[in-house]
Amino acid sequence: MTGRRREDVIDQLSRVGDAGAAVEELLSQKSQTSFFTVELTLADIMAGLVEISGMEGGRSQREKIRVIQRLLSSASPLEGHYITAILLEDFRIGVGDGNLRDAIAQAFTVDPKLVEYANQVRNDMGEVSVLALSGEEALRSVRLVPFHPVRMMLARQGTISGVLGEGVRVAVEYKYDGARFQFHKQNGTCRMYSRRLEEVTSAMPDVVALLDGALPDDVIVDGEVIAVQDGRPMPFQMVLRRFRRKHNVAQAADAITMVPNLFDILYYNQEMLIDRPFIERREILTKVSSRYVTPQLVSGKEEEIEDYYHDALDAGHEGVMLKLLDSRYTPGVRGKDWVKIKPEADTLDLVVTGAEWGEGKRAQVFGSFLLSVRSNGRLVPISRVATGFSDEQLNWLFQTLQDDIIRKDGKMVYFEPRLVFEIGYSEIQKSPNYEGGYALRFPRFIEVREDKDIKEANTAEDVEERYILAHRPVNN
DNA sequence: CTTGTCTGCCCC
DNA sequence: ATTCTGC
DNA sequence: GCAGAATGGGCAGACAAG
């Protein structure tokens, strides 16, 4: 569209770190040498977007590219910027749900709290905006309806002692390493939704059948499915092989057994329950469901909760959740009413063998680093890391590593090994993507071990040993 | 038909 | 997921 | 305290290319 070479465009993109801004610049350079443009209308853009959304199958990518090329070539630089932003769903204009909520509240002179409440229940700002037009009463009277999934309530990280105060009692439940789901049933029809509210019913026929059998009609419940074998939870990777599958579902269901665990109920028998206290919802859930309700301890004793937590870890779960007994169900909110307790991260000392240029606010520095373990006198990659750095540390690393670069390949650079990072992680997992066969789950940067030479970094044998140790059967 | 690469209102 | 940052 | 931003491993799917 601008007659530029592919490399120029990539170069531009990595320089500004924002595709919209990059397109704007490229188009403005082009307009100096080009003479005509056809005026682009909103209808043209809409038509293009509709056309693209309907394309699939063979050669569809090429066709999509053709349509985008047509739009951009008749766009002004600013238009190009925002067409690109629309296509990537990436506006970077600092307007999130909060600002939108306040704008709707002001436009229709209603309480922002009610706008938020209605959006929590209906999960559709467009619909909420229409309700706001009719006034506060309409917002107040919104109700949950089966097959309109609501956003899930989220938890924050914490510690047991941090949650327990004077005389505070909490509900303690296992934290499962699986996939969150919401299950709806009405008039004999069942549907299951993922955390991002995608429908996964057809991928989970076995789980849906179990829940159908265990639950009455007209309910919405919240839970987590895990993969199990011989009564023990399987690695998260097994869950991934099942959860959003479209093809060979029956075969996969045969190979990997999935079990639901229910921990909340949002709606039952025409009644919305999200504003009830958690203990009440729990009581209703245990009455309503004949099976699959997650075990629960209610306690205010730190020692007792610690024991329960260690039982959870011994059983192969991630940790526990602590839930305040009187908390409402707040869709989409990561509030302090639910707190997850997980083990502190283990750490490894790893050699920095490469890095990749960043994007956005990291466009001028390395955005992630390649990490390796020692193995028979060689260095073997085991993971990357991209979080845990302050901006200052990223700048320093970018500068200090310049002299170590021995090879470049696209946005990747490779170093003469010198630095050792201490890296925190939650788990070592089998990896098909790294040469050594293992990778770290949730890696994060702790610090540069300036006191350590690369010869003192951890080895592939260390990693394997830790993997085996973590997966050995527990004997009691 | 196989293989490689990229994407996902993706899962964590 | 985790983490840092600006408000 | 909150929301936003930038990034991790890994899976199935969808396409493109051979």
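Note that the structure is predicted; figures quoted are calculated from it, not measured. Protein chains get the first letters and strands the later ones, always in sequence-line order, with residue 1 at the start of each. What's counted below: heavy atoms across the whole structure, side chains too, no hydrogens, waters or symmetry copies.
Closest to the side chain of A/Arg156, out of D/dG10, B/dC12, D/dC2, is D/dC2. Distance from the side chain of A/Ser194 is smallest for B/dC11 among the nucleotides B/dC12, D/dT7, B/dC11. Listed nucleotides D/dC2, D/dC11, D/dA6 differ in distance to A/Arg362; the shortest reach to its side chain belongs to D/dA6. When distances are taken from the side chain of A/Gln61 to each of D/dA16, D/dG8, D/dG10, the shortest belongs to D/dA16. Here the nucleotide nearest the side chain of A/Phe442, chosen from D/dG8, D/dT7, B/dC11, is D/dG8. Of all nucleotides listed (C/dT5, B/dC12, C/dT3), C/dT3 comes nearest to the side chain of A/Gln157.
The separation between A/Ile428 atom CD1 and D/dG10 atom C1' is 16 Å, rounded to whole Å. What separates CZ of A/Arg66 from P of D/dA16 is a distance of 14 Å, to the nearest Å. Counting to the nearest Å, the C1' atom of C/dT5 and the CG atom of A/Asp391 are 7 Å from each other. Between A/Arg245 atom CZ and D/dG10 atom P there is a gap of 18 Å when expressed in whole angstrom units. Taking atom CZ of A/Arg384 as the reference point, atom P of C/dT2 lies 20 Å away to the nearest angstrom. Regarding A/Ile446, its CD1 atom lies at a distance of 13 Å from the P atom of C/dT2, rounded to whole Å. Distance A/His317 NE2 to B/dC12 C1': 17 Å, rounded to the nearest Å.
Nucleic acid contact class of A/Ser426 (heavy atoms, under 4.0 Å, all strands): none. Backbone-only contact: A/Phe389 has heavy atoms under 4.0 Å from sugar-phosphate atoms and none from a base. Nucleic acid contact class of A/Lys64 (heavy atoms, under 4.0 Å, all strands): none. Looking at heavy-atom distances under 4.0 Å, A/Leu440 makes contact with sugar-phosphate atoms alone, never a base. In this structure, A/Arg151 reaches neither bases nor backbone, as no heavy-atom distance under 4.0 Å exists between it and the strands shown. Using a 4.0 Å heavy-atom distance criterion, A/Gly358 is classed as a sugar-phosphate-only contact. The residue A/Arg244 sits close to a base: some heavy atom pair falls under 4.0 Å. Here A/Lys340 lies in heavy-atom contact (under 4.0 Å) with sugar-phosphate atoms only. Using a 4.0 Å heavy-atom criterion, one finds that A/Arg62 contacts the sugar-phosphate atoms exclusively.
Residues A/Arg180 and A/Tyr193 bring no donor and acceptor atom of their side chains to less than 3.5 Å of each other. For the residue pair A/Arg384 / A/Ser368, a side-chain donor-acceptor distance below 3.5 Å is found, with atom types taken as modelled. For the 3.5 Å distance criterion, the side chains of A/Gln182 and A/His184 qualify, holding a donor opposite an acceptor. Neither side chain, A/Glu392 nor A/Ser390, offers a donor N or O lying under 3.5 Å from an acceptor on the other.
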Give the intermediate values and the outcome of side chain to side chain contact (heavy atoms under 4.5 Å, CB included) for residues A/Val380 and A/Tyr438. CA-CA 10 Å; A/Val380 177; A/Tyr438 294 100; over 6 Å; no
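Between A/Glu356 and A/Lys411 there is no salt bridge, since no side-chain N of the basic residue sits under 4.0 Å from a carboxylate O of the acidic one.
No hydrogens or angles were tested; on distance alone, nothing pairs the side chain of A/Thr387 with the base of D/dT7 as donor and acceptor under 3.5 Å.
Contact between the side-chain N/O atoms of A/Tyr425 and the OP1/OP2 oxygens of D/dG8 is not found at any separation under 4.0 Å.
Base pairing of D/dA17 is made with B/dT2, judged by Watson-Crick or G-U wobble geometry with both donor-acceptor distances under 3.5 Å.
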